[in-house]
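Reading through the structure tokens given below for one structure.
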Amino acid sequence: MKITPVRGTHDFFGQQVIKYRTIQDLISHYSVIYNFEEIITPIFESTELFKKPLGENSDVVLKEMYTFKDKNEDFLTLRPEYTTPMIRSAISNNLLEKLPKKLYGIGPMFRRERPQKGRYRQFNQINFEILGTHDISADIDLIILANNFLKNLLPEKKINLFINSLGDKNTITNFSIALGNYFKQNKKKLTEESQSKIVLNPIRILDSKDPTDIEINLNAPQISDFYSNEAKEKFSNIQKILKDMSVDFSINMNLVRGLDYYCHTVFEFKTSDLGSQDTLIGGGRYDGLTKLLGGPDIPGVGWAGGIERLIMLMDDIKPLQKNIHLIIINESFKEYGLKVANQLRQKNISIHFDYKYNLKKSLSHANQLGARFAIIIGEEEVEKNLCTLKDLNKNIQEKKTIENIIKDLS
RNA sequence: GCGAACGUAGCUCAGUUGGUUAGAGCGCGGGCUUGUGGUGCCCGAUGUCGAGGGUUCGAAUCCCUUCGUUCGCCCCA
């Protein structure tokens, strides 16, 4: 029986691991520069935690969560997103006394969707969250952090930033009602899919890709007509500052995000190189969420980025092959060879030994792995208490004492 | 969850209207070279043709089921 990974899951090895670590290192770097604290939370939580915040009628809650009953009858869910657990953790551990609190996290998320390129059932996400400030500077800092991170990681790629504002709580409510009424009047012209959303989630009709829906959407009420003065001002200030800081963006009035907790600023970084799964980073403001989770009534803003999608856009990274290959020509010189390796390793020189005792094979192996040097030990070397150091690029070699080799390689 | 395409060697793929022992390149193993890699030449092994069932004298090829991948929808990171 051949055992394969579960549908929608995959193993990381080789280049993927190198790329994953590269992303992780870069994130860690930015977390220091922007002063975010890392938080690591369990991968499963009580099901309750996700239901309300994400929206009882959201697709994530309705059909994508991995939920199971524990042996004591509790319902548990593998986390489908990280914002909610991070806030839960901040509340549980009383981390919200000094505000704002800036947290970041990296780890696996789980959604039972149909797998596709760039969409997996277990996937890794990076999250940055700022809790406890209404200031648009936080929104802007996060957008610029994401922008700088992407530019640094993928300098050659064309990535577009789209922003929108969902206004405050009243905006969304009133807009939804108006939108619902408008779509009811035009019900017959909409696709079946969209018709089913009129009552439950009319906002979602706005980002339909269907041409007839798009035509109806053209004359639909505009969310901007429902902004409060405050929301309007916030949004225009954000645009102004981003422009002043020469961050390229476009406004997409139909950008509505799938989780219920968003309000005010929402944004997405998209690429055209990944096909249908084109969002690299998405986020926004979620001012009521912390209170909803039983914490203080504080605002929040954050984003999530998909690591698999970033990895797909990265060029291969040449591993720094600094290994020195130890080649022992005959098994009888094993002990001498191991002693040499030990001395070098204690000086922090990386030594690879393939346990083969075959000069030809080992040299070939060293070559394949891109090694720069080989240390060769045979009868002549052992007799004179020396080692041969061979430069594989220049194809020159010389017998030397261990002390001299350490000097050469340090 | 809906629609469609695809699945042959470790990898990339060929395989005619169903026909005998299923092929190529790359990679892998061995040799030319018993203390010297990369280039070259020679030799060799690649395999549950995704899995299961059916039609047929005969199936990689046709049909059904199933698993997986990919594309679109949906959704999102």
Side-chain angles (χ1 to χ4, degrees), chain A residues 1-10 14 23 54-55 58-64 79-83 106-127 146 150 191-194 196-197 201 204-205 207-211 213 255-259 262 266 268-271 274-283 302-313 325 327-330 333 357-382 388 390-397 399:
Chain A
M1 180 175 58
K2 192 176 181 183
I3 299 181
T4 52
V6 171
R7 184 158 152 93
T9 69
H10 56 164
I23 291 171
L54 305 188
S58 68
D59 280 28
V60 171
V61 170
L62 233 41
K63 46 196 183 192
E64 293 173 5
R79 61 188 187 198
E81 58 99 43
Y82 213 2
T83 303
I106 300 183
M109 307 297 150
F110 306 83
R111 286 183 206 171
R112 202 185 186 290
E113 297 179 90
R114 184 145 181 176
Q116 214 175 99
K117 186 178 177 183
R119 190 171 76 185
Y120 307 102
R121 290 184 171 181
Q122 174 174 340
F123 59 99
N124 290 280
Q125 247 184 21
I126 307 154
N127 273 63
L150 289 173
T191 54
E192 211 174 301
E193 181 78 37
S194 292
S196 68
K197 292 178 186 164
N201 209 346
R204 286 244 70 99
I205 300 173
D207 56 6
S208 168
K209 286 171 192 165
D210 185 274
D213 284 351
L255 173 57
V256 287
R257 299 185 49 76
L259 308 177
Y262 286 110
V266 289
E268 285 184 354
F269 287 86
K270 285 172 174 263
T271 170
L274 282 181
S276 194
Q277 267 55 53
D278 57 358
T279 302
L280 292 172
I281 284 179
W303 57 254
I307 294 182
E308 282 78 359
R309 291 180 188 177
L310 295 171
I311 287 176
M312 281 191 282
L313 293 179
H325 281 239
I327 301 174
I328 302 173
I329 290 174
N330 187 298
F333 311 122
Y357 312 105
N358 180 322
L359 179 57
K360 217 169 144 150
K361 271 188 193 164
S362 295
L363 269 175
S364 170
H365 187 207
N367 193 54
Q368 279 169 14
L369 293 180
R372 178 71 203 283
F373 294 100
I375 287 172
I376 301 170
I377 290 167
E379 197 173 359
E380 298 164 25
E381 287 82 358
V382 173
T388 294
K390 179 175 176 112
D391 184 321
L392 293 168
N393 289 359
K394 295 178 184 159
N395 198 15
I396 50 175
Q397 63 185 59
K399 289 193 181 68

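Per chain, numbering begins at 1; letters A, B, ... match sequence-line order.
Residue A/G378 is classed as a base contact, given a heavy-atom separation below 4.0 Å to a base. Within the 4.0 angstrom heavy-atom criterion, no nucleotide atom of any strand lies near A/E308. No engagement by A/N330 is indicated, since no non-hydrogen atom pair under 4.0 Å with the nucleic acid exists. Here A/I376 lies in heavy-atom contact (under 4.0 Å) with a base. Base contact: A/K360 has a heavy atom under 4.0 Å from a base atom. Residue A/G283 is classed as having no contact, given no heavy-atom separation below 4.0 Å to the nucleic acid. Residue contacts for A/D278: at a heavy-atom cut-off of 4.0 Å it reaches a base atom on one of the strands shown. Within 4.0 Å (heavy atoms only), A/Q122 reaches no atom of the nucleic acid at all. Across all strands, A/L310 comes closer than 4.0 Å to no nucleic acid atom at all (heavy-atom distances). Among the protein residues, A/E379 comes within range of the nucleic acid bases, having at least one heavy atom under 4.0 Å from a base atom.
Checking B/A5 for Watson-Crick or G-U wobble geometry (two distances, each under 3.5 Å) identifies B/U69 as its partner. Of the nucleotides present, B/C13 is the one that pairs with B/G23 by Watson-Crick or G-U wobble criteria, both distances under 3.5 Å. Across every strand in view, B/C41 sits in a pair with B/G31 that passes the Watson-Crick or G-U test at under 3.5 angstrom. Base pairing of B/U36: no nucleotide in any strand meets the Watson-Crick or G-U wobble criterion (both distances under 3.5 Å).
No hydrogens or angles were tested; on distance alone, a donor-acceptor pair under 3.5 Å links the side chain of A/E381 to the base of B/G35.
For an aromatic pair to be called close, the ring centres must be under 6.0 Å apart, and A/F373 with A/H325 fails this.
Distances shown here put every side-chain N or O of A/K361 at or beyond 4.0 Å from the OP1 or OP2 atom of B/G29. Checking the phosphate oxygens (OP1, OP2) of B/C76, a side-chain nitrogen or oxygen of A/R204 falls inside 4.0 Å.
The side-chain tip of A/R79 points at the ring of A/Y82 from less than 6.0 angstrom away and within 45° of straight on.
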Give each protein N/O atom lying under 3.5 Å from an N/O atom of nucleotides 1-10 of chain B, with the pair distance.
from, atom 1, to, atom 2, distance (Å)
B/C2, N4, A/R114, NH1, 3.1

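Remark: A/E308 does not engage A/R119 in a salt bridge, criterion side-chain N to carboxylate O under 4.0 Å.
Separating the OH atom of A/Y120 from the P atom of B/A77 is a distance of 16 Å, rounded to the nearest angstrom.
Taking the side chain of A/R309 as heavy atoms from C-beta on, and the options B/G68, B/U36, B/A77, the nearest nucleotide is B/A77.
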